[in-house]
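Structure record follows, encoded as structure tokens.
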Amino acid sequence: MLANIRRRWPDVADSWATRVGSEFHAACERYGAIPREVLPARYGFVAAVDTPHGPLVFRSSPDPRGVDQAAVAAALADLDAAPRLHEAVTTEYGTWTVLDRVFPGTSLSQADPATVDPEALFAPLAAIRDQPPPRSDMPSIFEWLRDRLEDDQLTDLRPGTTVAPASERRTALAVLDHLARDHTPALCHGDASSGNIITNGKHWMFIDPRGVTGEHTYDAAVLAIRITEAYSFSGIRQYIAQSAKVDSVRLDAWMAVAQAARV
């Protein structure tokens, strides 16, 4: 984990790491929490705890845009698309969030595809359609994707992939520019990968947002890439478009961009 953080935020990684333990202890004291387990995380510290008011998850991230991530998490929670956010605290070297713990908390990456109802899976994305961004000064998913597509040495890749050929990335950049022409910044999760989608046994929830503005069609496209790899029935993309309440042509365009950016 720390190696990943050092690569992404070298200026704050070690300072954050030296403080995260004491800050976690202080948070446990404040909530009367008993630590249960440290949960897997690539770019932060995440722990499950029990409190007098129920099970929670404490998460610390050194991401300088942690405040934006917390704002998106709160907005998603208000739409029942994410766990309830109890608190967001910004310290000198990071941001802590306190959320409800979801049980059983099985991620989409761990779920048996035969048990997943695509309509239920995409329901949270339909709920965030055309919602405004929670903060006016947040960065855009367009900027983040453009940086990835222009990077010949990209290392933060989707598992099992390599940097897309230059010709594919040039085409994707043109598609991205076209999408930007009629884009209105809106609420967007920004990282709808399989590990960031968990279930409580009945509903799916989206965790660990990126902290950007965008549009829910981008989120649907990232998730659609994973779903089309698991489901091969005819008309799957049209089914996804209907479930997520997105335009199918725009969905295909976003999928092409996400594929080339290896997200």
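Atom set for the values below is all heavy atoms of this structure, side chains included, hydrogens, waters and symmetry mates excluded.
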Do any N or O atoms from the side chain of [X] and from the backbone of [Y] form a donor-acceptor pair under 3.5 angstrom?
X      : Y      : value
Asp219 : Cys188 : no
Arg169 : Leu149 : yes
His216 : Ala244 : yes
Thr51  : Pro55  : no
Ser243 : Tyr239 : yes
Asp68  : Met138 : no
Thr18  : Ser15  : yes
Arg210 : Gly190 : yes

Any [X] side-chain heavy atom under 4.5 Å of [Y] side chain:
X      : Y      : answer
Trp9   : Pro64  : yes
Tyr31  : Pro52  : no
Val116 : Asp112 : no
Phe122 : Ile227 : yes
Asn200 : Phe103 : no
Gln69  : Ser61  : yes
Pro83  : Ile207 : yes
Asn196 : His189 : yes

Are [X] and [Y] joined in one hydrophobic group, where the rule is that I, L, V, M, F, W and Y side chains link up if heavy atoms are under 4.5 Å apart?
X      : Y      : value
Trp144 : Leu157 : no
Met205 : Val72  : no
Val20  : Tyr43  : yes
Leu251 : Leu179 : no

Would you compute the distance between atom [atom1] of [X] and atom [atom2] of [Y] and round it to the nearest 0.5 angstrom?
X      : Y      : atom1 : atom2 : answer
Leu99  : Leu85  : CG    : CG    : 5.0 Å
His203 : Leu121 : NE2   : CG    : 13.5 Å
Ser60  : Glu23  : OG    : CD    : 6.0 Å
Thr217 : Arg129 : OG1   : CZ    : 8.0 Å
Trp204 : Thr199 : CH2   : OG1   : 5.0 Å
Leu108 : Arg226 : CG    : CZ    : 9.5 Å

Fill in: Check against ring pair (Phe, Tyr, Trp, His ring centres under 6.0 Å), Phe58 and Phe45
CA-CA 8 Å; Phe58 292 173; Phe45 171 81; 9.2 Å; no
Looking at [Y] and [X], is any side-chain nitrogen of the basic one under 4.0 Å from a carboxylate oxygen of the acidic one?
X      : Y      : value
Asp177 : Arg146 : yes
Asp208 : Arg59  : yes
Asp137 : Arg135 : yes
Asp156 : Arg42  : yes
Glu37  : Arg101 : yes
Arg148 : Glu143 : no
Asp247 : Arg250 : no

For the residue pair [X] and [Y], what are the closest heavy atoms and their distance?
X      : Y      : result
Pro134 : Leu187 : CD-CD1, 4.0 Å
Ala13  : Leu2   : O-CD1, 4.0 Å
Arg262 : Thr162 : NE-O, 2.7 Å
Leu223 : Phe206 : CD2-CZ, 4.1 Å
Ala220 : Val246 : CB-CG1, 4.3 Å
Val163 : Leu154 : CG2-O, 3.3 Å

Worksheet entry | Stepwise side chain to side chain contact (heavy atoms under 4.5 Å, CB included) test for Met255 and Val222 | CA-CA 7 Å; Met255 287 180 70; Val222 174; over 6 Å; no
Item to complete: Check step by step if side chain to side chain contact (heavy atoms under 4.5 Å, CB included) holds for Thr106 and Ile198.
Response: CA-CA 5 Å; Thr106 305; Ile198 60 177; over 6 Å; no
Worksheet item: side chain to side chain contact (heavy atoms under 4.5 Å, CB included) with Leu176: which of Thr171, Ile141, Val257?
Response: Val257
Fill in: side chain to side chain contact (heavy atoms under 4.5 Å, CB included) partner of Ser109, the single match among Pro159, Ser193, Ser194
Ser194
Discussion item. I'd like to know whether Glu215 forms a side chain to side chain contact (heavy atoms under 4.5 Å, CB included) with Trp254, so could you lay out the CA-CA distance, the side-chain angles of the two residues, the decisive distance to 0.1 Å, and finally the verdict.
Written reply: CA-CA 10 Å; Glu215 61 182 80; Trp254 272 119; 3.0 Å; yes
Does a donor on one side chain sit under 3.5 Å from an acceptor on the other, for [X] and [Y]?
X      : Y      : result
Thr91  : Trp16  : no
Trp96  : Glu87  : no
Gln259 : Arg158 : yes

Worksheet item: Between Val89 and Arg30, is a side chain to side chain contact (heavy atoms under 4.5 Å, CB included) present by the stated rule, with each step listed?
Response: CA-CA 13 Å; Val89 178; Arg30 192 166 71 254; 4.3 Å; yes
Fill in: Residue Arg19 excluded, over 12 heavy atoms near CZ under 6.0 Å
yes
